[in-house]
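Structure incoming, see below.
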Amino acid sequence: MTFRSYMDIALDEARAAAARGEVPVGAVIVTPSGAIAARAGNRTRELSDPTAHAEILAIRAACAALGSERLPGHDLYVTLEPCAMCASAIAATRIARLYYGAADPKSGGVAMGARVFSHPQCHHVPEIYDGIAATEAETLLKTFFRDRRSGSE
């Protein structure tokens, strides 16, 4: 089976989030057969919900579509290293593989910060692949925050 990255779709979701004034993070969940189960971008401001990260929204939609609280065999593509909350949700849903773009030294929960998957209390650890389209993801984030600081939202 040939590997196909879905990071381009996650980047589209991140760009759409930025256009809504949200931090540009996008996520895509892919079924074991390669179909897109769900896709989302951050909506924390729009929904007034601090848990409305792209990963959480995609996980909720994929679980609802499947009718299960678990997503075994599924892959998650996300443009930014998941935070501790999202990493915990990834473990709880038993996602098989996590592909992420940019590292998050400030709030990351995978390779940085909390390192959720390295704790003995973590019941499931996905395969992790980082740096996928990292330059594009970092550029989106840096541009978004630069524009906010300069007042040109």
Side-chain angles (χ1 to χ4, degrees), residues 4-31 34-71 74-117 122 124 126-153:
R4 181 207 189 283
S5 175
Y6 292 78
M7 191 60 79
D8 56 333
I9 298 167
L11 286 163
D12 287 344
E13 290 293 332
R15 284 188 277 277
R20 294 190 301 272
E22 301 277 358
V23 174
V25 177
V28 178
I29 296 179
V30 181
T31 67
I36 294 174
R39 56 192 284 174
N42 276 359
R43 292 186 181 271
T44 59
R45 296 179 97 187
E46 176 186 339
L47 300 175
S48 301
D49 180 355
T51 69
H53 290 196
E55 302 95 305
I56 298 295
L57 295 174
I59 287 169
R60 287 176 182 160
C63 285
L66 188 62
S68 174
E69 76 281 9
R70 302 235 169 113
L71 299 170
H74 287 64
D75 296 342
L76 170 62
Y77 291 81
V78 62
T79 58
L80 181 64
E81 175 184 352
C83 69
M85 173 185 68
C86 292
S88 294
I90 291 164
T93 57
R94 308 300 197 260
I95 286 173
R97 284 164 296 282
L98 166 63
Y99 300 89
Y100 69 87
D104 188 354
K106 182 179 174 193
S107 300
V110 177
M112 308 284 182
R115 295 185 173 106
V116 169
F117 301 128
C122 183
H124 171 78
E127 293 175 31
I128 301 167
Y129 303 92
D130 63 352
I132 312 294
T135 301
E136 293 165 80
E138 288 169 11
T139 300
L140 273 173
L141 288 159
K142 287 177 181 178
T143 301
F144 176 82
F145 287 113
R146 183 198 65 222
D147 290 352
R148 289 184 66 88
R149 283 191 299 276
S150 69
S152 60
E153 277 187 69

Quiz item: Got a sec, which residues hit ring pair (Phe, Tyr, Trp, His ring centres under 6.0 Å) with Phe144, two or more places apart in sequence or on another chain?
Solution: none

Quiz item: Where the side chain of Glu55 meets the backbone of Val78, is there a donor-acceptor pair that is under 3.5 Å apart?
Solution: no

Self-check item: Option from Leu76, Val110, Ile132 for which side chain to side chain contact (heavy atoms under 4.5 Å, CB included) with Tyr100 holds
Solution: Val110

Quiz item: In Å, rounded to the nearest 0.5 Å, how long is the span from OG of Ser107 to CG of Leu80?
Solution: 8.0 Å

Quiz item: Counting only N and O atoms by type, is there a donor-acceptor contact under 3.5 Å from the side chain of His124 to the main-chain atoms of Ile95?
Solution: yes

Quiz item: At what distance, to the nearest 0.5 angstrom, does CD1 of Ile56 lie from CE of Met85?
Solution: 4.5 Å

Self-check item: Smallest separation among heavy atoms of Arg39 and Ile9, with atom names
Solution: CZ-CG2, 3.3 Å

Exercise. Take Leu57 and Glu13 through the test side chain to side chain contact (heavy atoms under 4.5 Å, CB included) and record every step on the way to the result.
Key: CA-CA 12 Å; Leu57 295 174; Glu13 290 293 332; over 6 Å; no

Quiz item: To the nearest 0.5 Å, how far apart are CG in Leu11 and OG1 in Thr139?
Solution: 10.0 Å

Quiz item: Checking Thr79 side chain against Gly26 main chain: does a donor-acceptor pair fall under 3.5 Å?
Solution: yes

Self-check item: By salt bridge (charged side-chain N to carboxylate O under 4.0 Å, His left out) - contacts of Asp75 (at least two apart)
Solution: Arg97

Quiz item: Which atoms form the tightest heavy-atom contact between Val25 and Ala54, and what is the distance?
Solution: O-CB, 3.5 Å

Quiz item: About how many Å separate CD1 of Ile29 and OG1 of Thr93, when rounded to the nearest 0.5 Å?
Solution: 6.5 Å

Practice problem: Mind checking the NE2-CD1 spacing from His74 to Ile90? Nearest 0.5 Å is all I need. | Solution: 14.0 Å

Quiz item: Is the shortest heavy-atom distance from the side chain of Glu81 to the side chain of Asp130 under 4.5 Å?
Solution: no

Practice problem: State, to 0.1 Å, how close Leu47 and Ala52 come at their nearest heavy-atom pair, and which atoms those are. | Solution: CD1-CB, 4.0 Å

Quiz item: Which pair of heavy atoms, one from Ser88 and one from Val116, lies closest together, and at what distance?
Solution: OG-CG1, 3.8 Å

Exercise. Give me the ring orientation class for Tyr77 and Tyr6: parallel if the planes are under 30° apart, tilted from 30 to 60°, perpendicular past 60°.
Key: tilted

Quiz item: Looking only at atom types and distance, does a side-chain atom of Glu22 sit under 3.5 Å from a main-chain N or O of Arg45, one as donor and one as acceptor?
Solution: yes

Quiz item: Which heavy atom of Arg148 sits nearest a heavy atom of Gly21, and at what distance?
Solution: NH1-O, 3.9 Å

Quiz prompt | pair Phe145-Val23: side-chain heavy atoms closer than 4.5 Å | solution = yes

Exercise. Report the residues that fulfil side chain to side chain donor-acceptor pair (under 3.5 Å) with Arg15, sequence neighbours left out, ordered by chain and then residue number.
Key: Asp12

Exercise. Identify the heavy atoms of Ala62 and Ala38 that sit nearest to each other, and give their distance.
Key: N-CB, 3.7 Å

Practice problem: Mark yes or no for whether Ser150, through its side chain, and Asp147, through its backbone, hold a donor-acceptor pair below 3.5 Å. | Solution: yes

Quiz item: Under 3.5 Å, is there a donor-acceptor pair between the side chain of Arg20 and the main chain of Asn42?
Solution: yes

